[in-house]
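Quick note: residue numbers are just sequence positions, from 1. This is a predicted model, so every value here is computed, not measured.
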Amino acid sequence: IIDKDGEFIYHPNHELSWSRYLPDKQNFLDLFPILGKELLIEDTTKAGQLTYFSIATQFHNQEQLRVILQPNQDLLSRLTRRNAFAAIVIAFTVIFVSIPLSWVAAMVPAKLQEQLHETLAALRHTTHMLDENVMSSTTDSAGVIVTASHAFCETTGYKLWELKGNTHRIVRHPETPDELCKNLWETITQGKVWHGEMQNRTKSGQDYWVNIVITPELDSENNITGYTQISQNITNQKIIETISNTDTLTHLYNRRRIDELLAEQVELFERYQRPFSIILLDLDHFKQVNDTYGHQKGDAVLICIASCLQEHTRRVDFVGRWGGEEFLVICPMTEASNAEILAEHLRSLIGQAESPTGTSLSASFGVAQCQDGESVHKLIGRADSALYEAKDQGRNCVVLAKGTATQDSDVKAPLTT
């Protein structure tokens with residue numbers, strides 16, 4: 001195998017391989033000065049006893065690699081140096097085997113060349129299928145895009161010439177956390193493989209999700225020369241996931257997802273002692289809103305409250321519709337005193353909110369912090385009791401749950417209030 005300059009990449013004689021990189025090595029032009037120039041310059045597939053075919057299309061570089069085929073001269077020389085006795089033996093042998101040998105001698109090279117062409121065709125087909133259907137790209141060590149597959153261009157909406165010279169920031173979604181990108185870059189620059197999900201944006205402004213694997217490319221000395229990214233479009237999967245976890249009216253987390261998040265937080269608390277608190281709130285006199293203004297106005301009020309909660313809680317908090325006019329806020333890494341402050345702030349904001357009915361709104365709050373050995377069932381129960389205490393105190397107030405939880409060995413569903 002030689003490159004466009006006639007330097008050996010591979011040779012059956014290992015002393016001749018890699019002539020470009022090893023000093024004092026003979027190259028193809030040194031061994032075949034006349035035939036070599038003919039093969040390198042002219043568009044031919046045969047020169048003298050040498051036959052070649054190009055494999056440049058299989059490698060995305062400028063090396064224009066070619067495979068050179070040469071008959072085994074050593075075998076031919078040994079056959080011609082047979083002694084007289086061997087000549088007589090051969091003469092008799094030829095009588096009996098000349099026909100099958102001639103057939104073999106004619107068919108084997110033809111079969112070999114046919115197999116090479118079939119393998120090359122299969123390789124080209126596979127490469128084409130990968131290019132058409134797999135989102136992939138390669139960058140240099142600085143993260144600048146060098147190549148991208150047709151599938152990558154189709155998904156992003158960018159032409160290859162628009163991607164080359166840019167980094168993947170060209171498709172980064174504006175809401176992608178900086179921390180995620182920082183973690184990604186720190187991982188791959190250490191020579192490790194990064195795997196994760198990321199939201200991107202096409203040239204036309206459409207959002208899409210991908211599952212990404214980024215692999216560093218290393219040279220013989222383990223220096224990073226670039227990165228290869230393979231992506232899978234999981235946009236439809238994300239849409240289904242969002243639908244299954246989202247309340248259709250308020251677009252907050254639904255009861256199913258809140259149950260899962262509560263279980264996760266309890267597990268983190270039991271394993272790592274990471275405190276968390278919950279805020280359970282219920283709109284005051286909501287039945288009167290439906291009875292007076294109708295259910296459409298009632299739905300508008302719920303949407304208004306949901307928007308207020310979503311806007312005025314932290315990004316790390318989880319806000320969901322617990323059921324009917326009840327909402328639940330999960331506050332990770334938060335003790336009850338701070339959750340109580342947040343609940344009081346939300347209570348004040350709800351009172352100041354511009355209601356779709358034109359009347360003032362209020363809500364009652366119960367706050368509880370998860371305690372040692374406490375199940376989700378008992379945690380919700382304590383918050384629910386605090387909520388009812390707030391109702392008994394005249395509504396529109398925040399009550400912090402009291403009492404110490406006992407070990408609960410039973411697995412129970414969250415309490416329905």
Chemist: Quick check: does any side chain N or O of Asp219 sit under 3.5 Å from a backbone N or O of Asn223, one acting as donor and the other as acceptor?
Modeler: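 Pair found, side chain donor or acceptor close to backbone of Asn223.
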
Chemist: Report yes or no: do Asn254 and Arg321 form a side-chain donor-acceptor pair below 3.5 Å?
Modeler: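 Absent: no donor and acceptor within the cut-off.
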
Chemist: Within a radius of less than 6.0 Å around NZ of Lys238, do more than 12 heavy atoms belonging to other residues, nucleotides or ligands occur?
Modeler: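 Atom NZ in Lys238 is crowded, with more than 12 foreign heavy atoms closer than 6.0 Å.
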
Chemist: Specify the closest pair of heavy atoms between Tyr158 and Val171, including all atoms of both residues, with the distance to one decimal.
Modeler: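 Scanning both residues, the minimum pair turns out to be CE1-CG1, 3.9 Å.
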
Chemist: Please check this pair: side chain of Asn222 against backbone of Leu218, looking for a donor-acceptor N/O pair closer than 3.5 Å.
Modeler: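 No, because the side chain of Asn222 does not come within donor-acceptor range (under 3.5 Å) of the backbone of Leu218.
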
Chemist: Answer yes or no: is there a side-chain heavy-atom contact under 4.5 Å between Val146 and Lys164?
Modeler: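 In short, these two side chains do not touch, never coming nearer than 4.5 Å.
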
Chemist: Can you measure from CZ (Arg124) to NE2 (His117) and round to the nearest 0.5 angstrom?
Modeler: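 Arg124 atom CZ to His117 atom NE2 measures 9.0 Å (nearest 0.5 Å).
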
Chemist: Report, one line per pair, each donor and acceptor closer than 3.5 Å where one atom sits in a side chain of residues 264-278; sequence neighbours left out.
Modeler:
{"unit_1": "Gln273", "atom_1": "NE2", "unit_2": "Phe269", "atom_2": "O", "d": "3.2"}
{"unit_1": "Ser277", "atom_1": "OG", "unit_2": "Thr334", "atom_2": "O", "d": "2.8"}
{"unit_1": "Ser277", "atom_1": "OG", "unit_2": "Ala336", "atom_2": "N", "d": "3.3"}

Chemist: For the pair Asn183 (side chain) and Leu180 (backbone), establish whether a donor and an acceptor sit closer than 3.5 Å, ignoring hydrogens and angles.
Modeler: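 No, the answer is negative, given that no donor and acceptor are paired below the 3.5 Å cut-off.
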
Chemist: Could you give the distance from OG (Ser364) to CG (Asp284), rounded to the nearest 0.5 Å?
Modeler: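 That separation rounds to 3.5 Å.
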
Chemist: Quick check: do Ile2 and Ile9 have side-chain heavy atoms less than 4.5 Å from each other?
Modeler: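 Side chain of Ile2 against side chain of Ile9, heavy atoms only: no contact under 4.5 Å found.
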
Chemist: Between Arg255 and Asp259, does any side-chain N to carboxylate O distance fall below 4.0 Å?
Modeler: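 Asp259 and Arg255: salt-bridged.
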
Chemist: With side-chain contact (heavy atoms from CB on, under 4.5 Å) as the test, pick out the partner of Trp322 among Val329, Asp384, Leu328, Asp282.
Modeler: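 Of the listed options, the one satisfying the test is Leu328.
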
Chemist: List the atom of Asn27, the atom of Phe8, and the distance in Å for their closest heavy-atom pair.
Modeler: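 Reported closest heavy-atom pair: C-CE1, 3.4 Å.
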
Chemist: With a 6.0 Å cut-off on the ring centroids, do Tyr227 and Trp185 count as close?
Modeler: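 Close enough - the centres of the two rings lie under 6.0 Å apart.
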
Chemist: Provide the closest heavy-atom pair for Ile188 versus Pro216 in the form atom of the first, atom of the second, distance.
Modeler: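 The pair with the smallest heavy-atom distance is O-CG, 3.6 Å.
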
Chemist: Can you confirm whether the side chains of His195 and Asn211 place a donor and an acceptor under 3.5 Å from each other?
Modeler: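 Result is yes, a qualifying pair exists.
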
Chemist: Examine the side chains of Thr139 and His168 and answer whether a donor and an acceptor come within less than 3.5 Å of each other.
Modeler: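 No, no side-chain donor-acceptor contact under 3.5 Å.
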
Chemist: Verify whether one side chain among Asn396 and Arg347 offers a donor that lies under 3.5 Å from an acceptor in the other.
Modeler: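 There is such a pair (donor and acceptor under 3.5 Å, judged by atom type) between the side chains of Asn396 and Arg347.
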
Chemist: Should Arg382 and Glu374 count as side-chain neighbours, where that means a heavy-atom distance under 4.5 Å?
Modeler: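 Touching, per the 4.5 Å side-chain cut-off.
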
Chemist: Check for a donor-acceptor pair, side chain of Thr246 on one end and backbone N or O of Thr248 on the other, with a separation under 3.5 Å.
Modeler: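 Checked: no pair found.
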
Chemist: To the nearest 0.5 Å, what is the distance between NZ on Lys203 and OG1 on Thr156?
Modeler: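 Separation between the atoms: 9.0 Å.
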
Chemist: Whether the side chain of Glu162 engages the backbone of Lys159 through a donor-acceptor N/O pair (distance < 3.5 Å, no angle test) should be reported.
Modeler: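 Flag set: sc Glu162 to bb Lys159 pair under 3.5 Å.
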
Chemist: Do any N or O atoms from the side chain of Thr155 and from the backbone of Phe152 form a donor-acceptor pair under 3.5 angstrom?
Modeler: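 Absent.
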
Chemist: Quick check: closest heavy atoms across Gly191 and Ile224, and the distance to 0.1 Å?
Modeler: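 So the minimum-distance heavy-atom pair works out to N-CD1, 3.8 Å.
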
Chemist: Above 12 or not: heavy atoms from other molecules or residues under 6.0 Å from CD of Glu175?
Modeler: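 It does not: Glu175 CD has 12 such atoms or fewer within range.
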
Chemist: Would a 4.5 Å heavy-atom cut-off, applied to side chains only, mark Leu361 and Ile305 as touching?
Modeler: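 Yes, their side chains come closer than 4.5 Å.
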
Chemist: Between CG of Asn200 and CH2 of Trp209, what distance do you get to the nearest 0.5 Å?
Modeler: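 These two atoms lie 9.0 Å from each other.
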
Chemist: Judged by atom type as modelled, is there a donor-acceptor pair below 3.5 Å linking the side chain of Ser149 to the main-chain atoms of Ser136?
Modeler: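 Side chain of Ser149 to backbone of Ser136: a pair is present.
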
Chemist: Quick one about Thr119 and Gln115 (side-chain donor to acceptor, distance below 3.5 Å, no hydrogens or angles considered), yes or no?
Modeler: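 No, no side-chain donor-acceptor pair sits under 3.5 Å.
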
Chemist: Cut-off 3.5 Å, side chains only: do Thr147 and Thr138 have a donor facing an acceptor?
Modeler: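 Judged by distance alone, the side chains do pair up.
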
Chemist: Does a donor on one side chain and an acceptor on the other come within less than 3.5 Å for Thr215 and Glu217?
Modeler: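 Not at all, the side chains of Thr215 and Glu217 share no donor-acceptor pair under 3.5 Å.
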
Chemist: Measuring from atom CD1 of Ile279 to atom SG of Cys331, what distance do you get when rounded to the nearest 0.5 angstrom?
Modeler: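 Going from the CD1 atom of Ile279 to the SG atom of Cys331 covers 4.0 Å.
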
Chemist: Evaluate the criterion salt bridge (charged side-chain N to carboxylate O under 4.0 Å, His left out) for residue pair Arg257 and Glu260; output intermediate values, then yes/no.
Modeler: CA-CA 5 Å; Arg257 181 56 179 158; Glu260 293 175 349; 2.9 Å; yes

Chemist: Starting at NZ of Lys297, measure out to SG of Cys304 and round the result to the nearest 0.5 Å.
Modeler: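 Here the interatomic distance stands at 11.0 Å.
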
Chemist: May I ask you to decide if Gln199's main-chain N or O and Thr176's side chain share a donor-acceptor pair within less than 3.5 Å?
Modeler: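 It does hold such a pair.
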
Chemist: Using the test salt bridge (charged side-chain N to carboxylate O under 4.0 Å, His left out), find all partners of Arg315 that sit at least two apart in sequence or belong to another chain.
Modeler: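 None.
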
